[in-house]
Trainee: 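Supplied in structure tokens, the structure appears directly below.
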Amino acid sequence: MAIKVMVAMSGGVDSSVAAALLKDEGFEVIGATLKLFSNEEIGLEHQARTCCSLEDVEDARAVAMRLGFVHHVFNFGELFRQQVINRFAASYANGETPNPCIDCNRFIKFDKLLERALVLDMDYIATGHYARVEFSEERGRYLLKKAADPSKDQSYVLYALTQEQLKHTLFPLGNLKKSEVRAIAESRGLVNAKKPDSQDICFVKDGDYCSFLENTMKVSSPHGNFVDSKGNVLGEHEGLIHYTIGQRKGLKLSFEKPKYVIRKDLGSNTVVLGDESELYSEGMLVKDVNLISVEELSAPMKASVKTRYSQKEAPAVLIPLEDGSLLVRFFEPQRAVTSGQAAVFYDDDTVIGGGTIVHTPSQREDLL
RNA sequence: UGGGAUAUAGUGUAAUGGUAACACACUAGACUUUGACUCUGGUAUUGUAGGUUCGAGCCCUGCUAUCCCAG
């Protein structure tokens with residue numbers, strides 16, 4: 001009997017090609033497109049184009065039809081709002097810089113969608129992510145690995161997957177290059193072969209997350225002062241949510257040298273500016289840790305650590321703490337380590353695990 | 001309404017009298033989970049009115065503005 005796979009299809013080229021490849025390999029494929037939000041919900045005109053627009057659903061459906069398999073649309077709007085959008089807003093309101101894609105993977109695609117797939121008697125779900133899953137006999141564990149194409153690797157946003165989830169997950173694009181994927185789409189005559197890569201946060205139109213937070217989510221972020229590390233007032237800022245650690249542009253202030261956001265203080269509603277040199281951290285605390293390649297960490301371990309998406313990994317030591325969080329010490333101080341962002345630990349191309357960065361300079365002293 | 005000094009892009013500075021430079025900011029684009037970082041471009045005829053000179057930001061005069069000292 002054929003192995004059954006549900007492919008999460010966004011309407012983009014990647015997930016479409018993933019479906020095509022699985023079909024070629026003889027899997028019994030069902031396509032599923034998730035309706036995650038409505039335009040009204042995210043403060044847009046009914047007609048406006050977004051990633052969950054009707055066009056995208058139609059693209060996915062067209063591909064499914066062309067390749068000859070069934071296609072469903074699931075409405076996960078309520079869940080998406082709770083688990084992704086609300087968490088995103090809460091994180092910003094708390095002075096952090098969140099990564100909603102990770103939550104979407106963790107709570108929606110690889111949780112609720114997988115659950116539904118299993119209920120429908122599927123063996124696996126598959127997505128168009130650029131990453132690889134392997135089972136290690138030696139460890140008796142499923143491993144998450146980087147994609148063969150390092151420039152497209154998305155293992156960073158998948159660090160939160162559990163063994164149970166990985167066991168039922170396929171990433172058909174893990175060994176392909178983006179150009180190869182486009183070529184396959186082209187040769188199959190898929191409608192979205194030339195569709196631009198998606199980027200930015202899918203539920204925020206034009207990258208304007210500030211107005212989304214303030215107008216749609218009603219997050220209040222009053223103006224306050226820019227100060228230097230000594231507390232001298234340098235100017236007025238437009239609300240904490242407008243800034244992230246390491247930010248240089250958009251401060252609307254000029255000095256002899258470029259200034260960067262080195263800290264945000266929720267209590268005093270101030271944004272602290274400083275020189276590039278003040279951005280570096282010796283280490284950080286990581287909470288909500290999910291481990292993949294190992295069951296648990298009982299002793300300090302060396303790893304390469306990524307503190308932001310598309311940022312180079314840096315060597316560090318992971319030190320397990322009693323409450324399950326990790327203390328991470330870098331070999332070389334790292335730039336712009338930011339609360340709310342994910343820290344992902346690698347051993348070469350294998351994901352050891354990851355978690356959420358909790359980091360404020362004031363904590364640095366007692367922690368390190 | 002006494003004396004002195006200065007006046008160059010949004011900001012801070014540069015330019016032996018010879019066709020305005022640098023940094024920051026802003027802006028366009030690339031990259032991008034981050035209007036982030038980074039990268040590549042773009043943006044002023046020098047407070048104002050005259051004068052000297054082949055030629056003035058640079059010299060001279062008036063005006064205006066600002067700063068300092070004295071009141």
Side-chain angles (χ1 to χ4, degrees), chain A residues 10 12 14 36 50-51 80 83-85 87-89 91-109 127-131 149-160 178 196-215 219 221 226 228 234-264 271-281 306-312 314 333-344 354 356-357 359:
Chain A
S10 65
D14 289 331
L36 298 174
T50 65
C51 98
F80 190 76
Q83 304 282 32
V84 180
I85 299 183
R87 288 171 62 94
F88 174 78
S91 177
Y92 259 113
N94 195 32
E96 304 169 342
T97 305
N99 185 334
C101 298
I102 288 172
D103 284 340
C104 181
N105 287 327
R106 165 169 35 186
F107 298 120
I108 310 290
K109 295 191 187 117
T127 68
H129 283 109
Y130 288 83
D149 181 352
S151 69
K152 274 287 159 188
D153 174 53
Q154 290 174 305
S155 58
Y156 177 87
V157 293
L158 298 166
Y159 80 83
K178 183 75 189 196
D197 287 9
S198 63
Q199 56 184 52
D200 290 331
I201 299 167
C202 72
F203 53 89
V204 175
K205 181 72 173 168
D206 295 331
D208 190 355
Y209 70 91
C210 292
S211 94
F212 172 76
L213 288 169
E214 290 177 319
N215 301 331
V219 171
S221 185
F226 279 123
D228 63 19
L234 302 174
E236 187 185 12
H237 74 239
E238 299 176 342
L240 290 185
I241 61 169
H242 290 80
Y243 310 95
T244 185
I245 309 300
Q247 178 167 342
R248 166 181 174 181
K249 296 284 178 184
L251 304 180
K252 302 194 168 111
L253 291 176
S254 69
F255 307 90
E256 321 78 61
K257 299 206 300 188
K259 292 285 183 190
Y260 298 84
V261 173
I262 61 172
R263 202 184 334 150
K264 301 203 284 184
V271 173
V272 185
L273 303 182
D275 293 337
E276 158 96 40
S277 63
E278 296 179 75
L279 278 173
Y280 289 81
S281 304
K306 215 175 199 182
T307 52
R308 282 195 187 213
Y309 191 85
S310 74
Q311 195 166 62
K312 250 177 65 184
Q334 291 302 296
R335 185 183 184 286
V337 174
T338 304
S339 293
Q341 290 283 295
V344 179
T356 305
I357 297 171
H359 177 279

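Labels below follow one simple rule: chain letters A, B, ... track the order of the sequence lines, proteins then strands, and each chain is numbered from 1.
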Trainee: I'd like a table of atom pairs between the protein and nucleotides 28-30 of chain B - only N or O on both sides, under 3.5 Å - with the distance next to each one.
Mentor:
none

Trainee: Grab the two heavy atoms, one from A/C104 and one from A/F80, that are nearest each other, plus how far apart they are.
Mentor: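 In this case the closest contact between A/C104 and A/F80 is SG-CE1, 3.8 Å.
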
Trainee: Round to the nearest Å and state the distance from A/L234 atom CG to B/rC24 atom P.
Mentor: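 After rounding, the reported distance stands at 17 Å.
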
Trainee: Please state the C1' separation for the pair B/rC39 and B/rA14 - nearest whole angstrom.
Mentor: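 That atom pair is separated by 26 Å.
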
Trainee: Of A/L251 and A/N99, whose closest RNA chain B nucleotide lies nearer the 5' terminus?
Mentor: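 With A/N99 and A/L251 compared, the 5'-side residue is A/L251.
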
Trainee: Reckon A/Q311 touches a base, only the sugar-phosphate, or nothing at all at heavy-atom distances under 4.0 Å?
Mentor: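 Counting heavy atoms under 4.0 Å across all strands, no contact is made by A/Q311.
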
Trainee: Can you name the residues that form a side chain to side chain contact (heavy atoms under 4.5 Å, CB included) with A/S254, not counting sequence neighbours?
Mentor: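 Side chain to side chain contact (heavy atoms under 4.5 Å, CB included) list for A/S254, sorted by chain: empty.
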
Trainee: Go through the structure and list residues passing side chain to side chain donor-acceptor pair (under 3.5 Å) with A/Q311, not counting sequence neighbours.
Mentor: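 Here the qualifying residues are A/T307.
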
Trainee: Dump the pairs, protein N or O against N or O of nucleotides 6-10 of chain B, anything under 3.5 Å, distances to one decimal.
Mentor:
{"unit_1": "B/rG10", "atom_1": "N2", "unit_2": "A/S254", "atom_2": "OG", "d": "3.0"}

Trainee: NZ of A/K252 versus C1' of B/rU27: gap in Å, rounded?
Mentor: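 About 12 Å, once rounded to whole Å.
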
Trainee: Among residues at least two apart in sequence or on other chains, which ones pass side chain to side chain donor-acceptor pair (under 3.5 Å) with A/T97?
Mentor: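 Residues passing side chain to side chain donor-acceptor pair (under 3.5 Å) with A/T97: A/T244.
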
Trainee: Would you measure the distance from the P atom in B/rA20 across to the matching atom in B/rG2 and give it in whole Å?
Mentor: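 Looking at atom P only, B/rA20 and B/rG2 are 40 Å apart.
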
Trainee: Partners of A/Y159 by ring-ring contact (aromatic ring centres under 6.0 Å, His included), sequence neighbours excluded?
Mentor: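 Testing A/Y159 for ring-ring contact (aromatic ring centres under 6.0 Å, His included), a comparison that skips the adjacent residues, returns none.
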
Trainee: Is the closest side-chain donor-acceptor distance between A/S277 and A/D275 under 3.5 Å?
Mentor: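 No donor-acceptor contact under 3.5 Å links the two side chains.
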
Trainee: Keeping the roles fixed (side chain from A/S155, backbone from A/D153), state whether a donor-acceptor pair exists under 3.5 Å.
Mentor: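 Checking the backbone N and O of A/D153 against the side chain of A/S155, no donor-acceptor pair under 3.5 Å is found.
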
Trainee: Provide the distance between the two C1' atoms, one in B/rG10 and one in B/rU53, to the nearest whole Å.
Mentor: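 One C1' to the other, the span is 35 Å.
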
Trainee: Can you check the distance between B/rA15 and B/rU66, where both ends of the measurement are the P atom (answer in whole Å)?
Mentor: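 Rounded to whole Å, the distance is 27 Å.
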
Trainee: For A/K257 and for A/D197, locate the closest nucleotide of RNA chain B by heavy-atom distance; then report the residue assigned to the nucleotide nearer the 5' terminus.
Mentor: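 Checking each residue's closest nucleotide, the 5'-ward one belongs to A/K257.
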
Trainee: Applying salt bridge (charged side-chain N to carboxylate O under 4.0 Å, His left out), name anything that partners A/E236, two or more places apart in sequence or on another chain.
Mentor: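 For A/E236 there are no salt bridge (charged side-chain N to carboxylate O under 4.0 Å, His left out) partners, ignoring immediate neighbours.
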
Trainee: Taking only residues two or more places apart in sequence, or in another chain, which ones meet A/D149 in a side chain to side chain donor-acceptor pair (under 3.5 Å)?
Mentor: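 If we apply the side chain to side chain donor-acceptor pair (under 3.5 Å) test to A/D149, skipping adjacent residues, the hits are A/S151.
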
Trainee: Quick one: stems involving RNA chain B, counted as three or more successive Watson-Crick or G-U pairs, both distances short of 3.5 Å.
Mentor: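 Only these stems qualify: B:2-7 with B:64-69, B:10-13 with B:21-24, B:26-30 with B:38-42, B:47-51 with B:59-63.
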
Trainee: Give a yes or no on whether the backbone of A/I241 and the side-chain of A/S221 come within a donor-acceptor separation of less than 3.5 Å.
Mentor: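 Yes: the side chain of A/S221 pairs with the backbone of A/I241.
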
Trainee: Considering only residues two or more places apart or on different chains, which pairs with a residue in residues 242-255 of chain A satisfy salt bridge (charged side-chain N to carboxylate O under 4.0 Å, His left out)?
Mentor: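 Of all non-adjacent pairs touching residues 242-255 of chain A, those that pass salt bridge (charged side-chain N to carboxylate O under 4.0 Å, His left out) are A/E238-A/K252.
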
Trainee: Please measure how far the C1' atom in B/rG41 lies from the corresponding atom in B/rU45, and state the result in whole Å.
Mentor: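 It comes out at 22 Å once rounded to the nearest Å.
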
Trainee: Does A/K306 reach the main-chain N or O of A/Y156 with its side chain, forming a donor-acceptor pair under 3.5 Å?
Mentor: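 Judged by distance alone, no pair lies under 3.5 Å.
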
Trainee: How close or far is atom P of B/rA36 from atom NZ of A/K264, stated in whole angstroms?
Mentor: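 Roughly 14 Å, once rounded to whole Å.
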
Trainee: Taking atom P of B/rC24 as reference, at what distance in whole Å does atom CG of A/D275 sit?
Mentor: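 Going from A/D275 (CG) to B/rC24 (P), I get 12 Å.
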
Trainee: A/K259 NZ to B/rA23 C1': how many Å, rounded?
Mentor: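 The distance from NZ of A/K259 to C1' of B/rA23 comes to 13 Å, rounded to the nearest Å.
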
Trainee: Start with the C-alpha distance between A/L158 and A/H129, add both sets of side-chain angles, then the distance that settles side-chain contact (heavy atoms from CB on, under 4.5 Å), and finish with yes or no.
Mentor: CA-CA 9 Å; A/L158 298 166; A/H129 283 109; 3.9 Å; yes

Trainee: Using the C1' atom as the reference point in each nucleotide, state the distance between B/rC26 and B/rU43 in Å, no decimals.
Mentor: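 It works out to 9 Å between them.
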
Trainee: Rounded to the nearest Å, what distance is computed from the CZ atom of residue A/F255 to the C1' atom of nucleotide B/rA25?
Mentor: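 After rounding, the gap between these two atoms is 10 Å.
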
Trainee: Taking only nitrogen or oxygen atoms into account, show me every contact under 3.5 Å that the protein makes with nucleotides 38-42 of chain B, one pair per line with its distance.
Mentor:
{"unit_1": "B/rU38", "atom_1": "OP1", "unit_2": "A/R248", "atom_2": "NH1", "d": "3.0"}
{"unit_1": "B/rU38", "atom_1": "OP1", "unit_2": "A/Y260", "atom_2": "OH", "d": "2.8"}
{"unit_1": "B/rU38", "atom_1": "OP2", "unit_2": "A/R248", "atom_2": "NH1", "d": "3.2"}

Trainee: Would you measure the distance from the P atom in B/rG42 across to the matching atom in B/rC22 and give it in whole Å?
Mentor: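 Per the computed distance, 11 Å lies between those P atoms.
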
Trainee: Could you work out the separation of B/rG62 and B/rA23 based on their C1' atoms and round it to a whole Å?
Mentor: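 The answer is 36 Å between these two C1' atoms.
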
Trainee: Check the distance between B/rA25's P and A/Q247's CD and give it to me in whole angstrom.
Mentor: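 Distance, rounded to whole Å: 11 Å.
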
Trainee: Take the protein atom CD1 of A/I357 and the nucleotide atom C1' of B/rA36, then report the distance between them rounded to whole Å.
Mentor: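 From A/I357 CD1 to B/rA36 C1': 14 Å.
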
Trainee: For A/Y130, what residues pass the side chain to side chain donor-acceptor pair (under 3.5 Å) criterion, not counting sequence neighbours?
Mentor: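 For A/Y130 the side chain to side chain donor-acceptor pair (under 3.5 Å) partners, ignoring immediate neighbours, are A/D14.
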
Trainee: Please check if the distance between the ring centroids of A/F226 and A/Y243 is under 6.0 Å.
Mentor: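 Judged by ring-centre distance (under 6.0 Å), A/F226 and A/Y243 do meet the cut-off.
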
